[in-house]
Each structure stands twice: as C-alpha cells, then as structure tokens.
Amino acid sequence: MACKICGGEVEMRKFTSDIDEKDFGKEIVLYGWVHEVRDLGGLVFVILRDREGFAQITLPKKAVDREMFRRARKVRRESVIRVKGVVKAEEKAPNGFEIIPSEFEILNEADAPLPLEVTEKVPAELDTRLDNRFMDLRKPRIQAIFRIRHVMLQSIREFFDRHGFIEVNTPKIVSTATEGGTELFPITYFEREAFLNQSPQLYKQTLMAAGFERVLEIGPIFRAEEHNTIRHLNEAVSIDIEVSFTDHEGVMSYLEELVRYIHEKVNERCGRYLEWIGAKVEIPDTPFTRLSYDEAVEIAKRKGEEINWGDDLSTSALKFIAEEMDGYYFIVDWPTESKPFYAMPHENDPEISKTFDLMNGWLEIASGAQRIHIHDLLVKRISEQGLNPDSFGFYLEAFRYGMPPHAGWGMGLDRLVMAALNLPNIREAVLFPRDRQRLVP
RNA sequence: GCCCGGGUGGUGUAGCCAGGCCUAACAUGCGGGCCUGUCGAGCCCGCGCCUCGGGUUCAAAUCCCGGCCCGGGCGCCA
C-alpha cells in the first residue's frame, strides 16, 4: 500500500493478507465486509473479509467504547465496514493476531436475508449463484478462480510479448459468416443486417498479408448454437495467434510451451488462491503427445465406437480416447473434409490436412492448422465446402498480392481455465456466462 | 434440434414411488434473549415454504394433462 495512487486513507489501510508481525502493536485501518459475527455476550468477534482474506476484530465489552460495542454486536452479515484499531498478537486468534478496534464504522448496512450464504455453510445451486453472482463472487473459493484467470491472461501476454507478437483487436461486428459451420447471431447494423463474429480467423490471416508476421488476439467470440452442456457457452473468450513463415508444427510448439508456461506461472503466483480452491496444478511436460487422427479412430473402434474414417470424433469416441491419454495431448492430421476450408492439405496426401486439436482428456481446448496461402487453392476449397467464394471478397483479395505461408490456432480461454482447475462446469470459469437461457446478469 | 431429469421457507435438502397420520420435517438464516476466547460457537424463544393453470378423488406437496422456469446428456460446435 506504499503506492500513492492506490493509497486513499492511507498509509494505514491494509489488506488482511498484508498484516504480519511487523504490525503488532501498531494501528491500522481495514476495509471490508462482515463475514460473520460471533457474539459471546461480554466478548464479540467480527470476522472482516476483504479481497485477500480474513481478519478477526475482537471487542471485549470492558475494553472498548460502549456504543461501538453495541453497533458491532448488531451489525448484519455482509455489511461494509471500516475498522481502525491496534493489531494485537494473540495465540487464541486465527492467524495469531486480532484487531482491537478504536473505530468501527458501518459504511453500508446489508439487507437480510442474504440471497445466498457467503460462508458456504449451506450450498447454493449454480443457477441461484449465477442469479446473485455479485454475492457468489464474494466467496474466496469463487473469487480465486478469477484471480487465477487473471494470472493466466497476464502470462499469455507475457509469453507472446517475449516472442515478438503484436497484440491486435479485430472487429466483432462482421458482415458475413467467416468459417461456416456454426450459427451466427444476427444483429441490426443501421439499415443492414450484420453478425457477431464467431472467430477472428479471417482478420488475423489478413494481418499476415499486412506483414505483421506474429499476432495475438484475446477477445470474445459468439456462437449461436443451442447447445446445453457443461462445456459450451454462447459467448466465449478466444486466445488466437497467427504466425507467418511457419507451419502447423511451428505453432504447435508455441501452443504447448504456452500451456506449460501458464501452468508454471499459476503455480508461482497463485499459491494462496489455489489453496482457497483446494486445487493443485500439475505442470505438463512438453512436447505433448501427438496422436494421429488415424490412431484416434483406431482406439475408438477398438473400444466399440461405430466410426468410419472421415467422421468427426463424437463425444463418446473422445471419451474412449481420453481413457488412454493423460492430461494434454494433440490429435493431428485430421481428414481435410472435416476441417474448415482454410486448412492446408498435406502435399503428398491431400485427403489429410496439416491440422491439430489440443485436447485435455476428452475436452477440446484449442484447434489450429497451417493455412492455405495460395489464392486459387483457397477458392477451390471454399467451393468444395459448399460456400460461395464471392462472399469472401476482402479476405480473398489479401491472398492475391503476396500472402506469406502461415499457420495459427485459437484456444478457448474459458475451457483452459476449466481444465487447469478441474472445474465441473465452464460457467464456473466465467464471471457472467452467456448460455442458451441466460442473458442476465 | 432430439432425449432424460427436476421445481417444497432467503439458501440447501427430506417428504412424492405405495394420496389422508403434512395446520409439511431438518440444517442454515432471520428477529429476540443468555453467555468474556469464538474460529461450523453454544443454549432458549419466535419467524418463514409446497412453480402456475386445469383434471381425477370424499381427500392432492404426493396421481394425470398443459404452461412457465431450470439442470444434464446427445447432436452441432471451440
């Protein structure tokens, strides 16, 4: 709290986590919420909770102001308070210290009853929690997810900055479908119809034609699919990269090293938050296993899945495959037909493509490819996929005047958070998730 | 989109299959009281609930039909 900008009151203001032996005997100021009040009659304990943890405010009736004692005893849970007092070493107190207040100010009294229990004495259903997300997020265990997500984003930017990537922002309001395959949300754009972007794919490729060479985008993507599962959202955050003068293997290296880096940094920087969650983050070894599509189909077949070469891998097939694959792994060399038009076919066997999915168990985390950079081949593939090349005007133009060979991938951040922390539902990884039925809050 | 499951105090559960003993139970909470070392505090008193509409029946939280809302699986998709 030495920072002048963060200051406020306020060399004296501390987070609960910043209190240590050096503060014993000194006066400090805490701001926070009333987590619990334990009233023993002649002695009252108020547990103050702030962003970083808890502190026990102890009010012995005989040692503190009478009016203040009455106020603290009656304060309702989740009210916002400001406490000024002396930090006293006390063996009997949690963490070995307590605050004996000289001032106890209720900045905003909370209503009762609460829509859910922040103390988690009684569980709440996910739906109730999401309806009252602001209060759900007060739970340390829930807030920890987002502190870790923050560190993940931080380390992603760090990683790519070190590797010479340029972070960009491409439009989320677009005129037409980019990749086909998925349903789009139509919107009104003045007198025209437009759509929310399903992926930055076409734009990041266009930036390869612009000579950016290595780009990173972190942004929302929108899919209008009516799915109803623990791993799909209609608004998600995608981590996208595109790299010139490399192939699919080149960008797979970035991907696996990134995933490892993220896990390392979360371990280094999020010890306390992992503790709150009760999670351990295993740092995955690189390189990740490459399982070919052919091998994947073999495994599924052997375990009784009805699947033909060329089919997409169904959920049950992926679950069979996951039985044999631990942690993160790639499935590579997919049939060209099952991947989007921009995926580069292998020169010696055009039936398969230079494509890969990054998996964690049976959950797909990322997918990518070397891209087609040859204009005429691209037009041919667009037509073969049943799409109209005329609707790809600005995109195709970029391939006519010097498009370098390139490759890239997109990764679902929410799914990565879900996988890394072993969350039971992707909605747990998102502050305000958007799904088939939820538009509020 | 197809399929399965569910909706009981503020919250989370029990009761439903085998209708009546349910003026609905338990925990937590909330209001009041007692208590100077709590940390799931304890003890005493009190408060608060059957998703909506229709039907069957002497009788419906319970059985049937429909609506609304929700969860999940699959498909599609990342």
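Letters A, B, ... are given to chains in the order of the sequence lines, protein chains preceding strands, and every chain is numbered from 1. For the numbers below, each heavy atom of this structure counts, side chains included, while hydrogens, waters and symmetry mates do not.
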Engineer: Could you work out the separation of B:U51 and B:G9 based on their C1' atoms and round it to a whole Å?
Structural biologist: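 That atom pair is separated by 14 Å.
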
Engineer: Give a yes/no on whether any side-chain N or O of A:Arg231 is located under 4.0 angstrom from OP1 or OP2 of B:G72.
Structural biologist: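 No, because none of the side-chain N or O atoms of A:Arg231 sits under 4.0 Å from OP1 or OP2 of B:G72.
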
Engineer: Whole Å only: how far is the CG atom of A:Asp311 from the P atom of B:G75?
Structural biologist: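 To the nearest whole Å, that distance equals 12 Å.
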
Engineer: Please give the nucleotide sitting opposite B:A41 as a Watson-Crick or G-U wobble pair, both distances under 3.5 Å, or none.
Structural biologist: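 Check on B:A41: unpaired, no WC or wobble geometry under 3.5 Å.
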
Engineer: Would you measure the distance from the C1' atom in B:A78 across to the matching atom in B:C3 and give it in whole Å?
Structural biologist: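 Each nucleotide's C1' atom is 24 Å from the other's.
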
Engineer: Which pairs, with at least one residue in residues 103-115 of chain A and sequence neighbours excluded, count as a side chain to side chain donor-acceptor pair (under 3.5 Å)?
Structural biologist: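 Pairs touching residues 103-115 of chain A that pass the test: A:Arg82-A:Glu103, A:Arg82-A:Glu105.
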
Engineer: Between B:G75 atom P and A:Ile307 atom CD1, what is the distance in whole Å?
Structural biologist: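 It is 11 Å, rounded to the nearest whole Å.
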
Engineer: May I ask you to check whether A:Tyr203 and A:Phe394 place their ring centers less than 6.0 Å from one another?
Structural biologist: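 Judged by ring-centre distance (under 6.0 Å), A:Tyr203 and A:Phe394 do meet the cut-off.
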
Engineer: State the pairing partner of B:G46; accept Watson-Crick or G-U wobble contacts with both distances under 3.5 Å, and report none otherwise.
Structural biologist: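 WC or wobble partner is B:C30.
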
Engineer: Are A:Glu364 and A:Arg231 within salt-bridge range, i.e. N to O under 4.0 Å?
Structural biologist: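 A:Arg231 and A:Glu364: not salt-bridged.
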
Engineer: Given the structure, check if the side chain of A:His227 and the base of B:C77 hold any donor-acceptor pair shorter than 3.5 Å.
Structural biologist: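 Looking at the base of B:C77, it does not pair with any donor or acceptor on the side chain of A:His227 (distance under 3.5 Å).
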
Engineer: Whole Å only: how far is the CD1 atom of A:Ile426 from the P atom of B:G73?
Structural biologist: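 A:Ile426 atom CD1 is separated from B:G73 atom P by 12 Å.
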
Engineer: For A:Asp357 and B:A78, give me the distance from atom CG to atom C1', rounded to whole Å.
Structural biologist: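 Rounding to the nearest Å, CG of A:Asp357 and C1' of B:A78 are 9 Å apart.
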
Engineer: Roughly how many Å apart are B:C34 and B:A41, using the C1' atom of each and rounding to a whole number?
Structural biologist: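 So the two C1' atoms sit 14 Å from each other.
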
Engineer: Would you indicate whether the side-chain heavy atoms of A:Lys204 and A:His406 approach each other to under 4.5 Å?
Structural biologist: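 Of all side-chain heavy-atom pairs linking A:Lys204 with A:His406, none is under 4.5 Å.
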
Engineer: Do A:Glu323 and A:Lys303 sit within salt-bridge range, that is, some charged N less than 4.0 Å from a carboxylate O?
Structural biologist: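 A salt bridge is present here (some side-chain N lies under 4.0 Å from a carboxylate O).
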
Engineer: Between B:A78 and A:Arg415, is there an OP1 or OP2 to side-chain N/O distance shorter than 4.0 Å?
Structural biologist: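 No, no such contact exists.
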
Engineer: When you compare the side chain of A:Leu313 with that of A:Glu305, does any pair of heavy atoms fall below 4.5 Å?
Structural biologist: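 No; the side chains remain at least 4.5 Å from each other.
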
Engineer: Rounded to the nearest Å, what distance is computed from the CZ atom of residue A:Arg223 to the C1' atom of nucleotide B:G75?
Structural biologist: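 The answer, rounded to whole Å, is 16 Å.
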
Engineer: Closer than 4.0 angstrom, basic N to acidic O: yes or no for A:Arg49 and A:Glu78?
Structural biologist: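 Yes, charged N to carboxylate O under 4.0 Å.
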
Engineer: Checking base pairs now: Watson-Crick or wobble, both atom distances under 3.5 Å. What partners B:U51?
Structural biologist: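 Across all strands, the one nucleotide that pairs with B:U51 is B:G67.
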
Engineer: What is the separation between atom CD on A:Glu226 and atom C1' on B:G73, rounded to the nearest whole Å?
Structural biologist: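 Those two atoms, CD and C1', are 16 Å apart.
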
Engineer: Flag the pair A:Lys14 and A:Asp23 as a salt bridge only when some basic side-chain nitrogen lies within less than 4.0 angstrom of an acidic carboxylate oxygen.
Structural biologist: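 So A:Lys14 pairs with A:Asp23 through a salt bridge.
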
Engineer: Any Lys/Arg nitrogen of A:Glu235 or A:Lys172 sitting under 4.0 Å from an Asp/Glu carboxylate oxygen of the other?
Structural biologist: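 Not counted as a salt bridge, because no side-chain N and carboxylate O are separated by less than 4.0 Å.
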
Engineer: What is the nucleic acid contact for A:Asp127, judged by heavy atoms within less than 4.0 Å: base, sugar-phosphate only, or nothing?
Structural biologist: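 If one applies the 4.0 Å heavy-atom cut-off, A:Asp127 turns out to touch the sugar-phosphate alone, with no base involved.
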
Engineer: Round to a whole Å and report the spacing from CD of A:Glu306 to C1' of B:G75.
Structural biologist: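 Spelled out: CD on A:Glu306 to C1' on B:G75 is 16 Å.
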
Engineer: Which part of the nucleic acid, if any, lies within reach of A:Asp131 when heavy atoms closer than 4.0 Å are counted: base, sugar-phosphate only, or nothing?
Structural biologist: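 Contact class for A:Asp131: none.
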
Engineer: Using the P atoms only, state how far B:U62 lies from B:U56, rounded to an integer number of Å.
Structural biologist: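 The answer is 15 Å between these two P atoms.
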
Engineer: Between B:G72 atom C1' and A:Asn425 atom CG, what is the distance in whole Å?
Structural biologist: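 One finds 10 Å between C1' of B:G72 and CG of A:Asn425, rounded.
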
Engineer: Which nucleotide, in any strand shown, forms a Watson-Crick or G-U wobble pair with B:G1, with both distances under 3.5 Å?
Structural biologist: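 Answer to the pairing question: B:C74, which forms a Watson-Crick or G-U pair with B:G1.
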
Engineer: Do A:Tyr328 and A:His263 meet the criterion of a side-chain donor-acceptor pair at a distance under 3.5 Å?
Structural biologist: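 Yes, side-chain donor-acceptor contact under 3.5 Å.
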
Engineer: Can you tell me the base-pairing partner of B:C58? Count Watson-Crick or G-U wobble geometry only, both distances below 3.5 Å, and say none if there is no partner.
Structural biologist: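 The base-pairing partner of B:C58, which may sit in any strand shown, is B:G20.
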
Engineer: Between B:G7 and B:U28, how far is it from one P atom to the other, in whole Å?
Structural biologist: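 Per the computed distance, 24 Å lies between those P atoms.
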
Engineer: Do we see a donor-acceptor contact under 3.5 Å between the side chains of A:Ser292 and A:Asp333?
Structural biologist: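 A:Asp333 and A:Ser292 do not have a side-chain donor-acceptor pair below 3.5 Å.
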
Engineer: Reading nucleotides 32-44 of chain B from the 5' end, what letters show protein touch, with B for base, S for backbone sugar-phosphate only, - for no heavy atom under 4.0 Å?
Structural biologist: SS-BBBBBSB---

Engineer: Using the closest heavy atom to pick a nucleotide of RNA chain B for each, name whichever of A:Asp435 or A:Ser314 lands nearer the 5' end.
Structural biologist: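 Closer to the 5' end of RNA chain B: A:Asp435.
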
Engineer: Does A:Ala236 or A:Thr315 map to a spot on RNA chain B nearer the 5' end, using the closest nucleotide for each?
Structural biologist: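 Its nearest nucleotide lies further toward 5', so the answer is A:Thr315.
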
Engineer: Expressed in whole Å, how much space separates the C1' atoms belonging to B:U38 and B:C43?
Structural biologist: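 Approximately 15 Å lies between the C1' atom of B:U38 and that of B:C43.
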
Engineer: Between A:Asp127 and A:Arg438, is there a salt bridge with N-O shorter than 4.0 Å?
Structural biologist: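 Answer for the salt bridge query: yes.
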
Engineer: Suppose we define a pair by two distances each less than 3.5 Å, Watson-Crick or G-U wobble; what does B:A25 pair with here?
Structural biologist: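 Across any shown strand, B:A25 pairs with B:U13.
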
Engineer: Counting primed atoms plus P, OP1 and OP2 as sugar-phosphate and everything else as base, spell out the protein contacts along nucleotides 4-12 of chain B at 4.0 Å heavy-atom distance: B, S or - for each nucleotide, 5' to 3'.
Structural biologist: ------BBS

Engineer: For nucleotides B:U13 and B:G1, find the distance between their P atoms and express it as a whole number of Å.
Structural biologist: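 Looking at atom P only, B:U13 and B:G1 are 28 Å apart.
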
Engineer: Taking B:C63 as the reference, what is the distance to B:G19 when you measure between their C1' atoms (whole Å, please)?
Structural biologist: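 That atom pair is separated by 8 Å.
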
